Trainee: 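Could you have a look at this structure, given as structure tokens, before my questions?
In this text, all values refer to a predicted model and were calculated from it rather than measured experimentally.
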There are 2 protein chains.
Amino acid sequence: MSTLKKMEILKSYIETKGLKSTAQRDYIAEVFFKTNTHISLEELLKKVKRKTPAIGYATVYRTMKLLTECGLAIARQFGDGQTRYENLPEHGHHDHIICIKCSKILEFQNEKIEHLQSETAKKLGFTVISHKLELYGYCAGCA
Amino acid sequence: MSTLKKMEILKSYIETKGLKSTAQRDYIAEVFFKTNTHISLEELLKKVKRKTPAIGYATVYRTMKLLTECGLAIARQFGDGQTRYENLPEHGHHDHIICIKCSKILEFQNEKIEHLQSETAKKLGFTVISHKLELYGYCAGCA
DNA sequence: ATACTTATGAAAATGATTTTCATTATCATG
DNA sequence: CATGATAATGAAAATCATTTTCATAAGTAT
């Protein structure tokens, strides 16, 4: 989904909820929609402050909560104590592999796994709509 | 794996690390190994305090860290801000498939998927230690 | 028993996130 | 376009889970 489309969704969500549109919120969302990693709040705040140093971290927290609420961001905890926010990918879906020592996160796709998943589900009478797959282990550097 | 076997593993882990065995730690581990849900530290502490009110929460934290380290517990975050600990199931590992309509949860096992996972990880330079796989969809009754 | 080291419990510290509060900005309406 | 009601902001304080500190109390090898 494009950034433009996401901004539209946000706008209409704000309208339906009777909220007000603000420059800070729009800018935080805009910066976030440009990311393609699992960004922590701290990192996002740093990015945002480059142009708008006056912004407070509470506002960033509030904005990310809003984006999570309306489905434009996915909040994930990988076990290092910090929530990371994932921007919906432009094209399709991916899974994660996380280093339990250095917290490095890689993304991967595997058609065969996806296929096996729906097959396994079918045997149990289920139709798969979505899934979450996270692998935990040691990366090359930490092995 | 039986509770007894887990206690043995813990004991040998403690020995190899040059740690000392204590009544508190043993008791916390024993109580934890009897659980079969995703228990929070608070809940575990409450259970433990029924018999040993003098125990401090720091000790429970320390013990769960130890159990997690030696693979006898799995720490999970479901997004409510609290870490939950999963006791290794009696019989091997399983994943979950969840109906998004009626919330039914089934467990399943699939060797092929596990194999593909470690293969995929290897290509990325990772060694897999554990994983989380959750399928979401409609069960037979809700399709 | 002794000496050395680890474990414990209570309290303090930490770090991420949330809330409070005074002030400012938005927006529908007159 | 002024107004009034209400939401949003930023800074600071509060909260909550978790970790660390520190003095004291075991555990263990000798």
Trainee: In whole Å, I'd like the distance from the OH atom of B:Y61 to the C1' atom of C:dA7.
Mentor: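 Distance, rounded to whole Å: 18 Å.
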Trainee: Any luck finding a side-chain donor-acceptor pair between A:Y13 and A:E69 under 3.5 Å?
Mentor: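 Yes.
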Trainee: How many whole angstroms separate atom CD of A:Q77 from atom P of D:dC16?
Mentor: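 Rounding to the nearest Å, CD of A:Q77 and P of D:dC16 are 18 Å apart.
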Trainee: Measure the distance from CG on B:L10 to C1' on C:dA7 and round it to the nearest whole Å.
Mentor: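 That distance rounds to 14 Å.
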Trainee: Take atom NZ of A:K20 and atom P of C:dA28, then tell me their distance rounded to the nearest Å.
Mentor: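 The distance from NZ of A:K20 to P of C:dA28 comes to 9 Å, rounded to the nearest Å.
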Trainee: Any N or O donor-acceptor pair linking the side chain of B:R62 to the base of C:dG9 at under 3.5 Å?
Mentor: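 It does, because a donor-acceptor pair links the side chain of B:R62 to the base of C:dG9 below 3.5 Å.
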Trainee: Given atom CD1 of B:I55 and atom P of C:dT8, what is their separation to the nearest angstrom?
Mentor: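 It works out to 8 Å between those atoms.
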Trainee: Find which nucleotide of DNA chain C each of A:Q82 and A:L19 is nearest to by heavy atoms, and output the residue with the more 5' nucleotide.
Mentor: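 On the 5' side of the pair lies A:Q82.
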Trainee: Starting from C1' on C:dT6, measure out to CD1 on B:I14 and report it in whole angstrom.
Mentor: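 Going from CD1 in B:I14 over to C1' in C:dT6 covers 11 Å.
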Trainee: Taking side chain as C-beta onward, heavy atoms only, is B:Y27 less than 4.5 Å from B:T22?
Mentor: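 Side-chain contact under 4.5 Å: no.
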Trainee: Atom CG of A:D26 and atom C1' of C:dA25: how far apart are they, to the nearest Å?
Mentor: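 Going from CG in A:D26 over to C1' in C:dA25 covers 13 Å.
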Trainee: Looking only at the side chain of B:T83 (C-beta and beyond, no hydrogens), which of the listed nucleotides C:dT8, D:dT18, C:dA10 gets closest?
Mentor: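 So the side chain of B:T83 is nearest to D:dT18.
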Trainee: Determine, stepwise, if the pair B:M64 / B:L44 fulfils side chain to side chain contact (heavy atoms under 4.5 Å, CB included).
Mentor: CA-CA 10 Å; B:M64 290 319 294; B:L44 182 58; 3.5 Å; yes
Trainee: Base, sugar-phosphate alone, or nothing: which one does A:A23 contact when heavy atoms must sit under 4.0 Å apart?
Mentor: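 Contact class for A:A23: none.
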Trainee: Restricting to non-hydrogen atoms, name the atom on A:T35 and the atom on A:I39 that form the minimum distance, rounded to 0.1 Å.
Mentor: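 Looking at all heavy atoms of both residues, the shortest contact is CG2-CD1, 3.8 Å.
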Trainee: Name the closest nucleotide to the B:A58 side chain, picking from C:dA7, D:dT18, C:dA10.
Mentor: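 Minimum distance to the B:A58 side chain belongs to C:dA10.
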Trainee: When you measure from the side chain of B:T22, which nucleotide among D:dA17, D:dT20, C:dT8 comes out closest?
Mentor: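 Shortest atom-to-atom distance from the side chain points to C:dT8.
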Trainee: Assign each of B:Y57 and A:T59 to its nearest nucleotide of DNA chain D by heavy atoms, then name whichever residue's nucleotide is nearer the 5' end.
Mentor: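 Nearest-nucleotide comparison on DNA chain D picks A:T59.
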Trainee: Are a donor atom and an acceptor atom from the side chains of B:N87 and B:H38 found within less than 3.5 Å of each other?
Mentor: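 Note: B:N87 and B:H38 side chains miss the donor-acceptor criterion.
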Trainee: Over how many whole Å does the gap from B:R25 atom CZ to C:dG9 atom P extend?
Mentor: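 Atom CZ in B:R25 sits about 11 Å away from atom P in C:dG9.
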Trainee: Let me know, please, whether B:K49 or B:S21 comes out on the 5' side of the other along DNA chain C by nearest nucleotide.
Mentor: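 Whichever sits nearer the 5' end wins; that is B:S21.
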Trainee: Would you indicate which nucleotide in C:dT18, C:dT8, C:dT26 comes nearest to any side-chain atom of B:Q24?
Mentor: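 Among C:dT18, C:dT8, C:dT26, the one nearest the side chain of B:Q24 is C:dT8.
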